[in-house]
Structure formats: structure tokens, C-alpha cells
Amino acid sequence: MRRYVRRGAALLGAGAAAVALVIGAGPGGAEPAAATGSLKMVALGDSSAAGPLVGTQSSLDCLRSTSNWPAVAARALGAQLIDVTCSGATTADLTGRRFGYIAPQLDAVTADTDIVTVAIGANDINMGGTVLGCTQPLPEPLGVSCKSWMTALGDTTDAQLAAVRPKIVDAVNRIHTRAPGAAVHLVGYLRYWDETGCYPTDPIWTVDAQWLQSIFDRTNAMLRRAAEESGATYIDIATPSTGHGVCAPYASKWVEGFIPTSAAAPYHPNQSGMDAAGALVASAIGR
């Protein structure tokens, strides 16, 4: 049985537990959150978890929100949260210093850690730049789709993902060494586009929206495989987010597009997305 279940089974689902993130944690530093209970949760990862421009930002260096999905999940689990997620992070920032001064994210994992969530990988293949590079000022057929020119140049996405997977496996193995009793969860990315895009509401052609989503799908598949190889658990938040992507109506949108309709960075989860992802993660952890 998992260690965190033994230590705090009665606390799972304690949604009323108060989470008070420390706003003055310092530039990009580990952010302790007070909560009722004895579970200790550490959140590692990139902007998909950090929540740039969502709610109150507790770290300007990392653009980390006090109401991101790790905070939502920790509140639901009644866990004490150490959140070191950082916008722009790659797997190199798990063991190295981001910007040369932010401590390696893995430093937050200690022997008494019960739960670790890891949401990372997309920046290793420059998905942020790729998505923005696919925006089009003119409708089809004026111009060239980013899928076609990337294919012409030689699409190396699969090779890049294959190179990222062992880095994530290594990170999980390091977590197991640091916290032998911790349950490690690799959390995927939300779904951005469904069958079509919504040009010109969002300035990405349908062919490119489908191609970009296929890369996110392959990234999630890579994370699932990395979890299988390392003894971690993969948490799928993409499937439940179908119909809540960039092109969804305002009331049901979890991910913003090029011009956000609520507080969030372009092509990142908004507060509804963070709330939904946090509930999904907490439910998966609490099973």
C-alpha cells in the first residue's frame, strides 16, 4: 500500500482543507503551502502546471500561480504543498539551476515526501515556439501551413520525444532515491484542439491545429511510457478535457488561445482549466 495512503487515508478528498501559499517565497523559490494534515506533496514541472497569469502570481521569475492545479489538488487531498513548478522549465531544470540561480526542482523532494507530481516535457521540444509559429495572419490558402514547412524541413518530433523520455525516467528514478516511499505521478497536458481549429477566432489553420494536437498527443504518450518504465503513475487529463480546448465557448473553455478571453497566458490553461485539472489529479491520486 502506498505510504501516503497509510499516513493520511482519512484526509483524501478533504476539499475544505485550507491552502495558504506563501506569497513572499522569493524569486522562483520553493513555495510551501500550509494545509491541514500530514501528507507532503511536491509539484515539479513547467507552465502547464505553474499557471502563468492565472490568479495571483507568487513568483515573477517562474510566473507561478497560487491557484494552479497543484494547489487545487493539494487542497482536495488535504496535503501540504511545496510547489516549484516554473514556466519555461525543461527536464534540465529538474536537476540544474534555471536562470542560473533558481534551485533544481528535485531539491524540493525530501525523504518525508509522500506525493510527487511531474508535468514536463513540452518545452524540451519547443512546443511553445512551435505553437506560436503556427499562427497565421491570412486564411487558407494564402501562405504556407506550418505542418507543411516543418515536414519539408524534416520533422524530428518523434526523435526529440524519444530523447526526452529517458530524461524523465531518470528524474523519476532520482525521486524514488530521494523519497523511497513517495508515489510519483506524471501528469500529461490538457487537450488544446479537437477535430478542427476555429480560424479566424484562433489564428491557426485546421491542418496545423490537428498537427499540433498530434504532437501533444505524442507527448502524452511519451509520458505514459516513461511512467511505465520508471514505476510512476501516468495521469491523463487530456481525455477528460475534450471539448474544453481553445475553440470551446467561453463558459466551458479550459485552455486559452492566441488572444485569451480570461486571465491566462496564450495557449495555457485558465482558472477553469486549473480547477478541472486539479480535481482530476486529486481524484487519480486518491484512488
Evaluation steps, side-chain contact (heavy atoms from CB on, under 4.5 Å), between Lys147 and Asp155: CA-CA 9 Å; Lys147 177 185 178 182; Asp155 186 357; over 6 Å; no

Using atom types as modelled and distance alone, determine if a side-chain donor or acceptor of [X] lies under 3.5 Å from a backbone N or O of [Y].
| X | Y | answer |
| --- | --- | --- |
| Asn220 | Tyr189 | yes |
| Ser283 | Leu280 | no |
| Glu256 | Ala265 | no |
| Thr91 | Ile168 | no |

Parallel, tilted or perpendicular: rings of Trp205 and Tyr199 (30°, 60°):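 Perpendicular, since the angle between the ring planes exceeds 60°.
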
Side chains of [X] and [Y] in contact at under 4.5 Å (non-hydrogen atoms):
| X | Y | result |
| --- | --- | --- |
| Val131 | Phe216 | yes |
| Pro70 | Leu81 | yes |
| Thr157 | Met150 | no |
| His268 | Leu53 | no |
| Ile215 | Ile125 | yes |
| Glu229 | Val172 | no |
| Ile175 | Val42 | no |
| Ile120 | Leu44 | no |

Within 6.0 Å of CG in Leu138, more than 12 heavy atoms from elsewhere: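 Counting neighbours around CG of Leu138, more than 12 heavy atoms of other residues, nucleotides or ligands fall under 6.0 Å, so yes.
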
Set of salt bridge (Lys or Arg N to Asp or Glu O under 4.0 Å) partners for Arg174, sequence neighbours left out: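 Arg174: salt bridge (Lys or Arg N to Asp or Glu O under 4.0 Å) contacts with Asp170.
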
For the residue pair [X] and [Y], what are the closest heavy atoms and their distance?
| X | Y | result |
| --- | --- | --- |
| Asn68 | Ala50 | ND2-O, 3.2 Å |
| Gly88 | Asp93 | O-OD2, 4.2 Å |
| Arg98 | Ala89 | CZ-N, 4.0 Å |
| Thr113 | Ala182 | O-CB, 3.3 Å |
| Trp69 | Gly278 | CB-N, 3.4 Å |
| Val255 | Tyr267 | CG1-C, 4.3 Å |

Indicate whether the side chain of [X] and that of [Y] have a donor and an acceptor atom separated by less than 3.5 Å.
| X | Y | result |
| --- | --- | --- |
| Ser67 | Gln271 | yes |
| Ser262 | Lys253 | no |
| Tyr250 | Asn270 | no |

Salt bridge Arg178-Asp107, side-chain N to carboxylate O under 4.0 Å: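 Looking at Asp107 together with Arg178, the answer is yes, because their closest N to O distance falls below 4.0 Å.
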
Nearest-0.5 Å distance that lies between atom [atom1] in [X] and atom [atom2] in [Y]:
| X | Y | atom1 | atom2 | value |
| --- | --- | --- | --- | --- |
| Thr206 | Glu195 | OG1 | CD | 10.5 Å |
| Leu153 | Cys146 | CG | SG | 11.5 Å |
| Ile115 | Lys40 | CD1 | NZ | 12.0 Å |
| Ile285 | Thr117 | CD1 | OG1 | 6.5 Å |
| Gln213 | Thr196 | CD | OG1 | 12.0 Å |
| Glu228 | Arg165 | CD | CZ | 10.0 Å |

Same apolar cluster (I L V M F W Y, side chains within < 4.5 Å links), [X]/[Y]:
| X | Y | answer |
| --- | --- | --- |
| Trp149 | Val207 | no |
| Leu106 | Val169 | no |
| Val72 | Leu186 | no |
| Met127 | Phe258 | yes |
| Leu142 | Val144 | no |

Pair listing, ring-ring contact (aromatic ring centres under 6.0 Å, His included) test, anchored in residues 226-247, at least two apart: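 Listed by first then second residue: His244-Trp254.
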
Working for side-chain contact (heavy atoms from CB on, under 4.5 Å), residues Thr219 and Val164: CA-CA 10 Å; Thr219 302; Val164 174; over 6 Å; no

Cys62/Ile102 under side-chain contact (heavy atoms from CB on, under 4.5 Å): CA gap, chis, key distance, verdict: CA-CA 9 Å; Cys62 285; Ile102 295 177; 3.7 Å; yes

Leu63 and Gln57: CA distance, side-chain angles, deciding distance, side-chain contact (heavy atoms from CB on, under 4.5 Å) verdict: CA-CA 6 Å; Leu63 293 177; Gln57 299 289 286; 3.6 Å; yes

